[in-house]
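Worksheet: the structure to be examined is printed underneath.
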Amino acid sequence: MAGGMVRCQCKKCGVTFYKFQKTHIHDIHDWDDSKEWEEWANSYYHLCDNCYYKACRKKEKADGFKVIRIKYRDYMTLYRKCRKVANSYDKATKSVEIVVSPEQFREIKATGRLISVVCTEQLI
């Protein structure tokens, strides 16, 4: 394996973090590919993972996304692309909490798959 590593600094909280690119050695024709990726990564990664995820949650909240509880079976078959809230599976009811857009919320409510709406304050 070969690849590149870039040391970055978060513009929001100031923490130093690293980004890696792993690739098979036969995929790199010369080391210029690796240097090119490092230059791109330095210009692209401005936020650490924590700040990035907080910004995503803040945007979801501003856009009207909701945290809802639905049957785990429905999540796996119909709403797999929705973000699941960590550690939200309830073994007794076989349900899980997911984050949905306003359009998805209306669809789930109309089809009767909605178990409950969870407080939207959990998005941040």
Side-chain angles (χ1 to χ4, degrees):
M1 297 293 274
M5 178 182 83
V6 176
R7 182 177 158 207
C8 306
Q9 187 159 7
C10 180
K11 296 195 188 277
K12 192 165 188 176
C13 68
V15 72
T16 300
F17 63 98
Y18 296 89
K19 287 294 180 179
F20 301 93
Q21 176 201 34
K22 294 179 184 174
T23 183
H24 292 282
I25 194 72
H26 58 80
D27 291 340
I28 296 181
H29 302 291
D30 57 321
W31 289 106
D32 290 339
D33 290 344
S34 191
K35 294 291 182 196
E36 188 177 305
W37 179 83
E38 289 175 10
E39 290 172 9
W40 172 83
N42 273 325
S43 66
Y44 184 77
Y45 294 112
H46 301 293
L47 296 175
C48 65
D49 289 343
N50 266 349
C51 291
Y52 175 76
Y53 292 127
K54 283 180 184 176
C56 288
R57 302 298 86 84
K58 194 178 241 183
K59 184 178 181 331
E60 284 178 350
K61 188 175 180 184
D63 290 345
F65 280 61
K66 295 180 187 280
V67 178
I68 63 166
R69 181 168 288 282
I70 63 170
K71 292 282 186 187
Y72 186 74
R73 177 188 64 235
D74 292 336
Y75 164 67
M76 291 299 286
T77 57
L78 302 169
Y79 303 103
R80 182 72 185 221
K81 291 184 179 181
C82 295
R83 182 173 62 85
K84 182 174 79 82
V85 176
N87 302 321
S88 66
Y89 180 74
D90 182 14
K91 197 173 186 179
T93 60
K94 297 182 181 174
S95 63
V96 68
E97 292 175 4
I98 61 171
V99 180
V100 294
S101 68
E103 296 83 25
Q104 290 169 322
F105 177 72
R106 284 192 291 277
E107 174 193 332
I108 292 169
K109 195 174 179 184
T111 58
R113 291 189 176 96
L114 179 68
I115 293 176
S116 65
V117 177
V118 182
C119 180
T120 57
E121 297 301 316
Q122 288 185 341
L123 287 175
I124 294 182

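Checked against ring pair (Phe, Tyr, Trp, His ring centres under 6.0 Å), Y52 has no partners two or more places apart in sequence or in another chain. Considering only residues two or more places apart in sequence or on other chains, Y44 meets the side chain to side chain contact (heavy atoms under 4.5 Å, CB included) condition with W40. Scanning for side chain to side chain donor-acceptor pair (under 3.5 Å) contacts around K59 gives D63, with sequence neighbours left out. Under the salt bridge (charged side-chain N to carboxylate O under 4.0 Å, His left out) criterion, K19 pairs with D49, not counting sequence neighbours. For D90, the salt bridge (charged side-chain N to carboxylate O under 4.0 Å, His left out) test picks out no residue, with sequence neighbours left out.
Residue pairs meeting the side-chain hydrogen bond (donor to acceptor under 3.5 Å, both in side chains) criterion with at least one member in residues 102-111, sequence neighbours excluded, are Y79-E107, S101-E103, S101-Q104, T111-R113.
The heavy-atom pair separating C10 from L47 by the smallest distance is SG-CA, 3.9 Å.
In terms of hydrophobic clustering, with Ile, Leu, Val, Met, Phe, Trp and Tyr side chains grouped at heavy-atom distances under 4.5 Å, Y18 and V15 are assigned to different clusters. No continuous path of hydrophobic side-chain contacts links I115 to F105 [ILVMFWY only; heavy atoms under 4.5 Å].
Atom OG1 of T16 and atom CD of Q9 lie 4.5 Å apart (nearest 0.5 Å). To the nearest 0.5 Å, atoms SG (C48) and NZ (K12) are separated by 9.5 Å. The CD1 atom of I70 lies 11.0 Å from the CE atom of M76; values are rounded to the nearest 0.5 Å. To the nearest 0.5 Å, atoms CD1 (I108) and NZ (K66) are separated by 12.0 Å. Note that OH of Y89 and CD of E97 are 13.5 Å apart. Values are rounded to the nearest 0.5 Å. Here SG of C82 is found 11.5 Å from CG of D74. Values are rounded to the nearest 0.5 Å.
K71 places a side-chain N or O within donor-acceptor distance of the main-chain N or O of T93, the cut-off being under 3.5 Å. Checked by atom type and distance alone, the side chain of R69 pairs as donor or acceptor with a backbone atom of S88 at under 3.5 Å.
Residues R83 and E60 meet the side-chain proximity criterion, which asks for heavy atoms closer than 4.5 Å.
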